[in-house]
Amino acid sequence: MALKIYNTLTRTKELFVPIEEGKVKMYVCGPTVYNFFHIGNARPFIVFDAFRHFLQYIGYQVIYVQNITDIEDKIIKSANEENVSTAEIASKYTKAFFKDIEKLGIKKADYYPKASAFVKEMIELIKVLIEKDYAYESDGDVFMSVEKVANYGKLSGKLIDKLQVGARVEENQAKRNPLDFVLWKKAKPNEPFWESPWSKGRPGWHTECVVMSQHYLGTPFDIHCGGIDLIFPHHENEIAQAESASGKKFVNYWMHNEYLNIKGEKMSKSLGNFFTTREILKKYDGEVIRMFFLSKHYRSPIDFSEQLMIEAQKGLENLYNSLRLADFSPKSEFNETEQFKEAFSKYEQKFISALEDDFNTASGIAVLFEISREIKKRLSKNKKITKQEKQDVYLLAVILYRLGKIIGLFNKEEKFQKNIDRNFEDILGLLIKIREELRQRQDWELADKIRIGLKKLGIILIDKKDGTEWEVVL
RNA sequence: GGCGACAUAGCCAAGUGGUAAGGCAGAGGCCUGCAAAGCCUUUAUACCUCAGUUCGAAUCUGAGUGUCGCCUCCA
């Protein structure tokens with residue numbers, strides 16, 4: 001078994017060979033903090049987080065870096081609209097970002113560099129590019145000269161002379177070639193600025209990722225990730241700067257996730273057809289959102305809809321049910337028998353080889369359902385379950401749990417672990433007892449009042465032959 | 001105009017040469033005061049079309065149709 005990654009640069013699946021044995025250095029393009037991020041933006045955050053978990057599981061030490069873009073035109077615009085400083089906008093939405101990704105079950109990156117903290121380094125990089133004649137100054141602005149860059153377009157497959165310049169954006173007269181992109185931007189009145197040899201201004205967008213990724217990960221580093229829309233111009237321009245300045249290869253593997261669509265169209269802020277992750281989190285648990293994204297391959301476009309979210313939710317419930325039916329608890333002890341090890345390795349192998357094939361999470365999740373089905377089957381076929389059978393089922397649940405954990409599922413322990421809060425359970429038990437009495441008296445109205453009332457609180461009562469059980473809704 | 005992606009059951013979705021994983025929905029059954037939930041069983045005979053390569057193709061090649069994306073900021 002070996003890990004294969006689809007590399008945008010070569011447009012093929014390649015065997016993954018790390019630069020340093022046992023280590024993966026990974027950079028994921030993060031948010032521009034001018035607004036709440038939308039549910040489509042959540043896709044890379046979630047999938048690449050899951051991939052990181054997986055890489056760690058198969059034994060890599062992963063250094064994971066995600067930038068926070070806190071210098072940018074849209075932040076300035078947003079600040080003007082809300083009539084506060086750009087720093088306040090950035091700080092507000094950075095906090096919101098961290099809050100939201102936590103709810104999505106995303107583990108913190110090792111580093112979250114902010115663009116504003118690296119302006120000095122960016123200026124140094126721009127100086128080098130000017131010295132080497134890759135960049136030029138024009139009235140306080142600095143531009144990267146695309147024609148000077150060998151192989152410009154190698155990532156996106158675009159040829160300079162075939163691009164439709166000016167088709168959708170006005171040409172800038174200060175540029176020598178209309179495709180040249182800005183490295184340093186002179187500040188207009190009332191815009192925030194930094195001192196530089198060229199003007200009071202701010203760095204262009206692409207430069208920060210070049211500087212910050214290399215700062216933490218070195219040159220070259222292993223994996224650079226982001227949404228497919230970043231291929232051009234963002235990542236193309238990163239390569240141009242980084243490789244021109246250093247003379248070395250910038251990144252070995254480029255990974256890009258496809259879009260989240262809505263009604264067949266790309267979800268985007270400019271089209272206005274988006275939901276913020278925040279809104280969606282009000283309706284669905286972060287883990288449901290994770291399930292939704294991981295149920296598909298990251299390089300396929302997905303359509304977002306209420307129906308599909310509900311499907312993801314039901315599927316996840318299904319898995320949790322199996323854990324609950326098996327009386328699984330992550331804390332209880334069990335014996336790792338030979339039989340367990342054998343069964344574990346059978347499913348684990350299947351799961352891992354799915355993930356190793358360019359992170360095929362959809363196929364991996366199918367393995368989880370396979371185990372889930374096996375658990376339920378065993379429990380139902382045997383009306384009277386022996387102690388041994390019960391143990392076997394428990395071991396299957398352990399396997400299910402461990403594999404799910406690899407991609408960041410099963411963090412809602414209250415879903416299968418019932419003794420979280422003694423007090424809570426006692427009170428609930430009392431209510432159930434009262435309802436039982438009411439049912440015996442056939443006072444259905446009052447009995448239903450309890451059931452419906454609890455449902456509103458997120459607790460579902462399940463009446464069975466030998467008593468009433470309960471369950472917490474996601 | 002240039003470049004690229006995708007097209008598998010009602011819906012979602014794996015599967016890159018040997019006769020179709022999985023989920024949701026549906027149907028039948030069990031359970032049940034009702035309901036909800038749960039469980040069991042079941043659900044693709046041409047994988048967009050046509051042509052080709054092959055003993056054999058959803059899987060490779062060519063042509064076509066359709067959908068979407070990039071070439072502006074965008075995950």
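Keep in mind that the numbers below use all heavy atoms, side chains included, and drop hydrogens, waters and symmetry copies. So you know, we letter chains A, B, ... as the sequences are listed, proteins then strands, and number each from 1.
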Inset, instruction - Would you classify Pro233(A) as touching base, sugar-phosphate or nothing, given that sugar-phosphate means primed atoms plus P, OP1 and OP2, and contacts are heavy atoms under 4.0 Å? - result: sugar-phosphate
Legend entry - Nearest-Å distance once atom C1' is located in both A20(B) and U43(B): 14 Å
Legend entry - 5'-most by nearest nucleotide on RNA chain B - Ser300(A) or Lys74(A): Ser300(A)
Inset, instruction - Establish, yes or no, whether the cationic atom of Arg299(A) lies under 6.0 Å from the six-membered ring centre of Tyr6(A) and within 45° of the ring axis. - result: yes
Inset, instruction - Indicate, with a heavy-atom threshold strictly under 4.0 Å, whether Gly40(A) touches base, sugar-phosphate, or nothing. - result: base
Legend entry - Nearest-Å distance once atom P is located in both A21(B) and U45(B): 13 Å
Inset, instruction - Determine, for Phe98(A) and Lys108(A), whether the Lys NZ or Arg CZ falls below 6.0 Å from the six-membered ring centre while staying within 45 degrees of the axis. - result: yes
Inset, instruction - Would you mind classifying the nucleic acid contact of Arg299(A) as base, sugar-phosphate or nothing, using non-hydrogen atoms under 4.0 angstrom? - result: nothing
Legend entry - Listed nucleotide nearest any side-chain atom of Ala362(A), set C12(B), G22(B), A14(B): A14(B)
Inset, instruction - Could you give the distance separating C24(B) and U16(B) at their P atoms, to the nearest angstrom? - result: 24 Å
Legend entry - First of Arg439(A) and Ser156(A) reached from the 5' end of RNA chain B, by closest nucleotide: Ser156(A)
Inset, instruction - Using the C1' atom on both, measure G10(B) against U42(B) and round to a whole Å. - result: 16 Å
Inset, instruction - Scan Asp73(A) against the nucleic acid and name what it touches under 4.0 Å (heavy atoms): base, sugar-phosphate only, or nothing. - result: nothing
Inset, instruction - Please confirm whether Lys158(A) makes a cation-pi placement over Phe232(A), using NZ or CZ under 6.0 Å from the six-membered ring centre and within 45° of the ring normal. - result: yes
Inset, instruction - Decide whether a cation-pi geometry holds between Arg43(A) and Tyr298(A); the criteria are a distance under 6.0 Å from NZ or CZ to the six-membered ring centre and an angle within 45° of the ring axis. - result: no
Legend entry - Separation of the C1' atoms in U8(B) and C47(B), to the nearest angstrom: 4 Å
Legend entry - Listed nucleotide nearest any side-chain atom of Asp463(A), set C73(B), G22(B), A35(B): A35(B)
Legend entry - Pair Tyr64(A)-Asp49(A), side-chain donor/acceptor within less than 3.5 Å: no
Inset, instruction - Identify whether any heavy atom of Gln442(A) sits under 4.0 Å from a base atom; if not, whether one sits that close to sugar-phosphate; answer base, sugar-phosphate or nothing. - result: nothing
Inset, instruction - Could you measure between the two P atoms, the one in U67(B) and the one in U72(B), and give it in whole Å? - result: 24 Å
Inset, instruction - Just compare C24(B), G33(B), A75(B) and give me whichever is closest to any side-chain atom of Trp444(A). - result: G33(B)
Inset, instruction - From the options C24(B), A13(B), A75(B), select the nucleotide whose nearest atom is closest to the side chain of Lys266(A). - result: A75(B)
Inset, instruction - Using a heavy-atom cut-off of under 4.0 Å over every strand shown, decide if Ile231(A) touches base, sugar-phosphate, or nothing. - result: nothing
Legend entry - Touch class at under 4.0 angstrom, heavy-atom based, for Tyr259(A) against every strand present: base
Inset, instruction - Name the nucleic acid region contacted by His256(A), choosing base, sugar-phosphate or nothing; use a 4.0 angstrom heavy-atom cut-off, strictly under. - result: nothing
Inset, instruction - May I ask you to say what Ile460(A) touches in the nucleic acid, namely base, sugar-phosphate or nothing, with a heavy-atom cut-off under 4.0 Å? - result: nothing
Legend entry - Exercise: do Tyr152(A) and Asn237(A) side chains pair donor with acceptor under 3.5 Å: yes
Legend entry - Student check: side-chain heavy atoms of Tyr347(A) and Glu374(A) closer than 4.5 Å: yes
Legend entry - Sugar-phosphate, base or nothing in reach of Lys269(A), heavy atoms under 4.0 Å: nothing
Inset, instruction - Using a 4.0 Å heavy-atom cut-off across all strands, classify Asn360(A) as base, sugar-phosphate, or nothing. - result: sugar-phosphate
Legend entry - Row check, Phe410(A) ring normal vs Lys405(A) NZ/CZ: under 6.0 Å, within 45°: no
Inset, instruction - Dot-bracket for RNA chain B, please, read 5' to 3', with Watson-Crick or G-U wobble pairs under 3.5 Å on both distances, ( ) within the strand, [ ] crossing, | other strand, . unpaired. - result: ((((((((.[[[..)..(...]]].(((((.......))))).....[[[[[..)....]]]]])))))))....
Inset, instruction - Determine the Euclidean distance between corresponding P atoms of A58(B) and G29(B); express it in Å to zero decimal places. - result: 37 Å
